[in-house]
Amino acid sequence: MKKWSDIKENITALSKEEKYTLNFMSDVVSKIIIARNEKNISQRDLAKLTEIEQSTIARIETMKTIPRIDTLIKILDVLDMQIQTIQKVS
């Protein structure tokens, strides 16, 4: 399986904004997966704890969907994480 860092270098058909969004989401998803695994929580367990369908969690983790903010907050809350905003570096 290729790493995202290798794949993103070869993407040329996307706009700067689309690449930014993909980078951002891949970072968020990676952190969610790492936190879930560190806590030994399965996707099924996370689904029960968040009242989100397991299939939705799977689609989020494979980046087949971008979660709504309320869905993301539910997942992050269970994993003892939060969204934080910082000044964008130009």
Side-chain angles (χ1 to χ4, degrees):
M1 176 182 267
K2 290 186 178 184
K3 292 182 180 179
W4 170 244
S5 58
D6 297 331
I7 294 169
K8 72 179 176 181
E9 297 301 321
N10 295 317
I11 297 175
T12 57
L14 298 177
S15 70
K16 184 178 178 179
E17 292 78 19
E18 290 169 321
K19 285 182 183 180
Y20 177 81
T21 300
L22 278 175
N23 255 343
F24 175 79
M25 284 310 302
S26 70
D27 184 52
V28 170
V29 167
S30 294
K31 289 176 181 177
I32 287 171
I33 293 169
I34 289 167
R36 183 175 61 74
N37 288 331
E38 285 176 350
K39 294 180 177 294
N40 293 315
I41 298 174
S42 67
Q43 286 184 353
R44 185 181 307 249
D45 293 337
L46 185 58
K48 289 177 186 174
L49 293 167
T50 59
E51 298 181 348
I52 297 169
E53 295 288 329
Q54 185 274 328
S55 60
T56 300
I57 291 171
R59 286 194 310 275
I60 291 168
E61 289 191 1
T62 57
M63 292 186 54
K64 292 181 179 171
T65 190
I66 296 176
R68 295 185 330 223
I69 192 72
D70 61 319
T71 301
L72 183 59
I73 290 169
K74 284 180 183 179
I75 292 169
L76 295 176
D77 186 52
V78 167
L79 298 174
D80 298 321
M81 299 171 75
Q82 66 183 15
I83 296 172
Q84 182 177 2
T85 58
I86 58 172
Q87 186 69 35
K88 183 177 172 181
V89 178
S90 299

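Remember, predicted model here, so these are calculated numbers, not experimental data. Heavy atoms only: backbone and side chains are in, while hydrogens, waters and symmetry mates are out.
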Kindly compute the distance separating [atom1] ([X]) from [atom2] ([Y]), expressed to the nearest 0.5 Å.
{"X": "Ile57", "Y": "Thr65", "atom1": "CD1", "atom2": "OG1", "value": "12.5 Å"}
{"X": "Leu46", "Y": "Thr56", "atom1": "CG", "atom2": "OG1", "value": "11.0 Å"}
{"X": "Leu72", "Y": "Met81", "atom1": "CG", "atom2": "CE", "value": "9.0 Å"}
{"X": "Ile75", "Y": "Ile52", "atom1": "CD1", "atom2": "CD1", "value": "4.0 Å"}

Side-chain donor-acceptor distances from residues 35-44 under 3.5 Å, at least two apart:
residue	atom	partner	partner atom	Å
Arg36	NE	Glu61	OE2	2.7
Arg36	NH1	Ile41	O	2.9
Arg36	NH2	Glu61	OE1	2.8
Arg36	NH2	Glu61	OE2	3.4
Asn37	ND2	Ile33	O	3.2
Lys39	NZ	Asp80	OD2	3.1
Ser42	OG	Arg44	N	3.4
Ser42	OG	Asp45	N	2.9
Ser42	OG	Asp45	OD2	3.2
Gln43	OE1	Gln54	NE2	2.6
Gln43	NE2	Glu61	OE1	2.7

>> Using every non-hydrogen atom in the two residues, find where Val29 and Ile60 come nearest and quote the distance to one decimal.
In response: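 Taking Val29 first and Ile60 second, the nearest heavy atoms are CG2-O, 3.4 Å.
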
>> Tell me whether Thr71 contacts the main-chain N or O of Pro67 through its side chain, where contact means a donor paired with an acceptor under 3.5 Å.
In response: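 Not confirmed, Thr71 side chain does not pair with Pro67 backbone.
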
>> When you group the ILVMFWY residues by side-chain heavy-atom contacts below 4.5 Å and let the links chain together, are Tyr20 and Met25 in the same group?
In response: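 The answer is no; the residues belong to distinct hydrophobic clusters.
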
>> Membership question, hydrophobic clusters at under 4.5 Å side-chain separation (ILVMFWY): are Val28 and Ile34 in the same one?
In response: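 No, because Ile34 and Val28 fall into different hydrophobic clusters, even though each may have its own neighbours under 4.5 Å.
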
> Can you name the salt bridge (Lys or Arg N to Asp or Glu O under 4.0 Å) partners of Asp77, sequence neighbours left out?
Replying inline: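 By the salt bridge (Lys or Arg N to Asp or Glu O under 4.0 Å) rule, Asp77 matches no residue at all.
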
> Looking at Lys31 and Asp27, does any basic side-chain N land under 4.0 Å from a carboxylate oxygen?
Replying inline: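 Yes, charged N to carboxylate O under 4.0 Å.
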
